[in-house]
Amino acid sequence: MGVTNLSAVLKELSTIPIIEEKKVEDFSGKSLAFDAFNVLYQFLATIRDSRGMSLTDSEGRTTSHLIGLLTRNSQLLSKGLKPVFVFDGKSHELKRSTIERRSEIKEKAEKEYKEALKMGDMERAKSLGQRISRLDSNMIDDSKKLLDLMGIPVIQAPGEGEAQAAQIASEGTVYAVASQDYDSLLFGGPILVRNLNISGRRTLPSGHVRMIYPQEIHLDKMQKGLGFTREQLIDLGILMGTDFNPDGFRGVGAKTAFKFLKKHGDFLTIRKNEKKVSSVPFDNYEEIRDIFLHPNVKKGVTFSFGEYDVEGILHFLVEERGFNADRYKNLLRSTAESIETMNKQTSLDDFFG
DNA sequence: CCCGAGTA
DNA sequence: TACTCGGGG
């Protein structure tokens, strides 16, 4: 999850427009560091059958994440994007309670889901199904295996994936971080790209349909538009709630957090002067701030892109997971072909400067 | 999530 | 061309 509700702040409180609308093709030739868990959870939540159940192979193993990774990444590769996947390592102890709470919520949703199924309330079942996605170590392993077969580099972060992704983005090893969360910006990643693993149209809870485009957000522009330093952006996040203090503060949302920060300058001064923030016990401020300012990351990480191995992918998905070969072989071949023609083109470009 | 078939 | 629906495993 992470910091997800910053959109309102960026749209309504900034003096300059911060969110740049892009097309997927605009990222052709650029490498993007995807927060792997972020992507996988997205697939697990959305790739479901009409009863809200994950898709599985004949042995009951979930395959939703594999379908998502294969189709989405094949499209991105066809358009010349160079995805890199960064997996979470050990999560910070302050995040544990968040994780535990999420798993409680999931257990509750699971019970309600079964009831909804019994009652035949499919709409409700489907929406509950989305909340009970679990990512186990087998799913992580076969995601890595599939990515490897697709030639997509897999990076193992020592801690937060989002932090490691931000690190390689600041080092210029990748162009940007791709995620739905804003955390990479708080970790110091200079560019964030959102909506890159989401299709063009989305049905909102209200029933309205809206087009979704990739968005590019630059940290420096965001700081300029809001008039905040990076430290203040971190304070903003903490006031609104992060993975490390998920509750935030009662009655403090985007606007109030922004207002407090403008008035007092930093979190500790707000804590001294604003009742909404001071009335709650909260002694992890320095530690949380430090997670964002000095994250647990590896420096100087390098990687290389591999071959898109059509035969290998087919073997894994068809032989081992029961995918329908006819359904996917066209996608695989045309993807391999686009990659090949693009490689030829870029090597020509390199040759001629 | 993505795709294809069916429909207008 | 635009949209909805069902299926994918």
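Throughout, a chain's letter reflects where its sequence line sits, starting with A, and its residues are numbered from 1. Quantities reported herein were computed from a predicted structural model and do not represent experimental measurements.
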Any Lys/Arg nitrogen of [X] or [Y] sitting under 4.0 Å from an Asp/Glu carboxylate oxygen of the other?
X	Y	answer
K255(A)	E12(A)	yes
E112(A)	R131(A)	no
R321(A)	D142(A)	yes
R102(A)	D243(A)	yes

Name each donor-acceptor pair under 3.5 Å that joins a side chain in residues 303-313 of chain A to protein atoms two or more places apart or in another chain, with its distance.
from	atom 1	to	atom 2	distance (Å)
Y308(A)	OH	S74(A)	OG	2.8
D309(A)	OD1	E311(A)	N	3.4
D309(A)	OD1	G312(A)	N	2.9

Please name all residues satisfying side chain to side chain contact (heavy atoms under 4.5 Å, CB included) with [X], sequence neighbours left out, ordered by chain then number.
X	value
Q130(A)	A45(A), R48(A)
D266(A)	D235(A), L268(A), T269(A)
S103(A)	E107(A)

Taking N or O atoms only and anything under 3.5 Å, show me the protein contacts with nucleotides 5-7 of chain B, one pair per line.
none

Rounding to an integer number of Å, can you tell me how far [X] [atom1] sits from [N] [atom2]?
X	N	atom1	atom2	answer
M211(A)	dA2(C)	CE	C1'	11 Å
N195(A)	dC1(B)	CG	P	10 Å
I47(A)	dG7(C)	CD1	C1'	12 Å
R51(A)	dG6(C)	CZ	C1'	14 Å
F34(A)	dC1(B)	CZ	P	14 Å
N38(A)	dC1(B)	CG	C1'	14 Å
E123(A)	dC5(C)	CD	C1'	14 Å
R48(A)	dC3(B)	CZ	P	20 Å

Would you be so kind as to tabulate the donor-acceptor pairs closer than 3.5 Å made by side chains of residues 219-226 of chain A, with sequence neighbours excluded?
from	atom 1	to	atom 2	distance (Å)
K221(A)	NZ	E20(A)	OE2	3.3

**OP:** Not counting sequence neighbours, list each pair that qualifies as a salt bridge (charged side-chain N to carboxylate O under 4.0 Å, His left out) and has a residue in residues 63-91 of chain A.
**Re:** E25(A)-K79(A)
Subject >> L44(A) with I105(A), same ILVMFWY side-chain cluster at under 4.5 Å >> reply: no
Could you list by number each residue of [range] showing a heavy-atom separation from DNA chain B of less than 4.0 Å, or answer none if no residue does?
range	value
residues 63-79 of chain A	T71(A), R72(A), Q75(A)
residues 136-153 of chain A	none
residues 317-328 of chain A	none

**OP:** Could you work out the complete set of other residues in the hydrophobic cluster of L128(A), with links drawn between I, L, V, M, F, W and Y side chains under 4.5 Å apart?
**Re:** M53(A), Y113(A), L117(A), M122(A), I132(A)
Original post:
Which other residues belong to the hydrophobic cluster containing M119(A), where Ile, Leu, Val, Met, Phe, Trp and Tyr are joined when side-chain heavy atoms lie under 4.5 Å apart, directly or via other members?
Top reply: none
Original post:
What is the nucleic acid contact for T62(A), judged by heavy atoms within less than 4.0 Å: base, sugar-phosphate only, or nothing?
Top reply: nothing
**OP:** Give the ring-plane orientation class for F323(A) versus Y328(A), where under 30° counts as parallel, over 60° as perpendicular and anything between as tilted.
**Re:** tilted
